[in-house]
Amino acid sequence: ELSSGLTIVNTSSVQNVGIWAFRGCNSLTSVHMPLVTSVGHAAFQHCSSLTNVGMPVLSSVGVDGCRECSGLVHVIMPLVTAVGHASFRSCSSLTGVNMSLVTDVGTNAFEGCSDLVTVNVPLLGSVSDNVFRGCSSLTSFNAFGQLLLPTSLTSIGDGAFYQCTALSGDLVIPSSV
């Protein structure tokens with residue numbers, strides 16, 4: 001088992017994090033990898049103490065990439081274009097997501113993120129099945145305090161916003177859907 005309060009920093013040569021690379025590292029609290037462009041399948045799954053992830057050039061997160069990282073609070077990944085199935089599922093402390101270039105988000109990607117309040121994904125092409133299912137605190141989608149679906153959106157999957165009980169106000173569905 002890794003030592004208490006492990007932080008990964010200054011990994012200037014690492015560009016990819018492989019499958020199961022840090023899966024189950026409960027003592028991992030912070031990751032800063034400035035050149036990483038992809039995170040593999042379940043790379044950080046079950047890292048319950050992980051609160052901070054700094055990967056400024058990350059472009060894709062694999063299936064189950066950060067699933068059940070219960071300490072993770074914010075996800076700011078400005079260059080991410082693809083998020084795999086269940087990548088952030090059951091990240092119960094997650095409150096905000098900012099992925100301004102993401103176009104593809106897999107099924108169940110944020111399911112069970114019960115503290116998730118704000119999501120910014122303005123270029124999203126489709127809302128997959130159960131993506132935000134059980135995000136009972138979600139109040140803002142692409143606009144401060146309201147639900148604004150992007151004009152790039154072409155489909156909304158089954159159960160996409162199921163049990164998102166805090167959503168209120170007007171929902172404008174773009175003609176592209």
Side-chain angles (χ1 to χ4, degrees), residues 15-17 19 36-45 50 52-70 72-177:
Q15 294 180 352
N16 298 299
V17 178
I19 296 171
V36 167
T37 58
S38 68
V39 170
H41 175 87
F44 295 99
Q45 183 178 11
L50 185 61
N52 182 33
V53 176
M55 296 181 187
V57 297
L58 185 68
S59 62
S60 66
V61 180
V63 171
D64 294 328
C66 294
R67 182 177 179 167
E68 296 174 17
C69 291
S70 57
L72 194 59
V73 177
H74 293 287
V75 173
I76 300 171
M77 298 178 173
L79 301 181
V80 165
T81 57
V83 174
H85 168 81
S87 288
F88 296 94
R89 185 177 187 173
S90 299
C91 291
S92 56
S93 298
L94 188 62
T95 60
V97 172
N98 187 352
M99 297 178 175
S100 54
L101 295 181
V102 75
T103 56
D104 181 31
V105 177
T107 59
N108 308 89
F110 297 97
E111 181 180 355
C113 295
S114 56
D115 286 354
L116 186 60
V117 175
T118 61
V119 173
N120 183 34
V121 288
L123 300 178
L124 191 60
S126 66
V127 179
S128 300
D129 293 348
N130 301 310
V131 166
F132 299 104
R133 181 183 184 137
C135 294
S136 55
S137 299
L138 186 62
T139 59
S140 180
F141 193 86
N142 290 332
F144 185 73
Q146 53 185 306
L147 182 63
L148 180 61
L149 298 178
T151 56
S152 56
L153 196 66
T154 58
S155 65
I156 300 171
D158 295 340
F161 294 99
Y162 181 66
Q163 296 175 329
C164 292
T165 55
L167 286 176
S168 64
D170 294 333
L171 169 63
V172 178
I173 298 176
S175 59
S176 56
V177 175

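Within the 3.5 Å criterion, the main-chain N or O of S100 finds no donor-acceptor partner in the side chain of N120. A donor-acceptor pair under 3.5 Å is absent between the side-chain atoms of T103 and the main chain of G125, judged by distance alone. A distance-only check finds a donor-acceptor pair linking the side chain of S152 to the backbone of L124 [under 3.5 Å]. The main-chain N or O of L148 is found under 3.5 Å from a side-chain atom of N142 such that the two form a donor-acceptor pair.
With values rounded to the nearest 0.5 angstrom, L94 atom CG is found 8.5 Å from D115 atom CG. Note: L149 CG to I173 CD1 = 6.5 Å, rounded to the nearest 0.5 Å. Taken to the nearest 0.5 Å, the NE2 atom of H74 stands 10.5 Å off from the CG atom of L116. The structure places CG of N130 at 9.5 Å from CD of Q163, a figure rounded to the nearest 0.5 Å.
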Item to check | Derivation of the side chain to side chain contact (heavy atoms under 4.5 Å, CB included) call for V119 and F110 | outcome: CA-CA 10 Å; V119 173; F110 297 97; 6.0 Å; no
Next on the checklist: Before you tell me yes or no, could you show the steps for M99 and V105 under side chain to side chain contact (heavy atoms under 4.5 Å, CB included), namely the whole-Å CA-CA distance, both residues' side-chain angles and the distance that decides it to 0.1 Å?
Outcome noted: CA-CA 10 Å; M99 297 178 175; V105 177; 5.7 Å; no
Donor-acceptor pairs under 3.5 Å, side chain of residues 81-88 to any protein atom, not counting sequence neighbours: which ones?
unit_1 : atom_1 : unit_2 : atom_2 : d
T81    : OG1    : S59    : O      : 3.4
H85    : ND1    : T107   : O      : 2.9
H85    : ND1    : T107   : OG1    : 2.5
S87    : OG     : G62    : O      : 2.8
S87    : OG     : G84    : N      : 3.2
S87    : OG     : G84    : O      : 2.7

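P150 and P122 make their closest contact through CB-O, 3.0 Å (heavy atoms, listed as atom of the first residue, atom of the second, distance). Closest heavy-atom contact between G106 and V131: O-CG2, 3.5 Å. Minimum heavy-atom separation, S176 to T151: OG-O, 3.0 Å. Heavy-atom minimum distance, P56 versus P78: O-CG, 4.2 Å. Taking all atoms of both residues into account, the shortest heavy-atom contact from S126 to L153 is CA-CD1, 3.5 Å. Of all heavy-atom pairs spanning S136 and S114, the tightest one is OG-O, 3.6 Å.
Applying the salt bridge (Lys or Arg N to Asp or Glu O under 4.0 Å) test to residues at least two apart or on different chains, the pairs with a partner in residues 84-99 are R89-E111.
Checking N16 against S38 by side-chain atom types alone, a donor-acceptor pair falls below 3.5 Å.
Aromatic ring orientation, F141 versus F132: perpendicular (interplanar angle above 60°, classes split at 30° and 60°).
With respect to F44, the side-chain contact (heavy atoms from CB on, under 4.5 Å) criterion is satisfied by exactly one of D64, V53, V17: V17.
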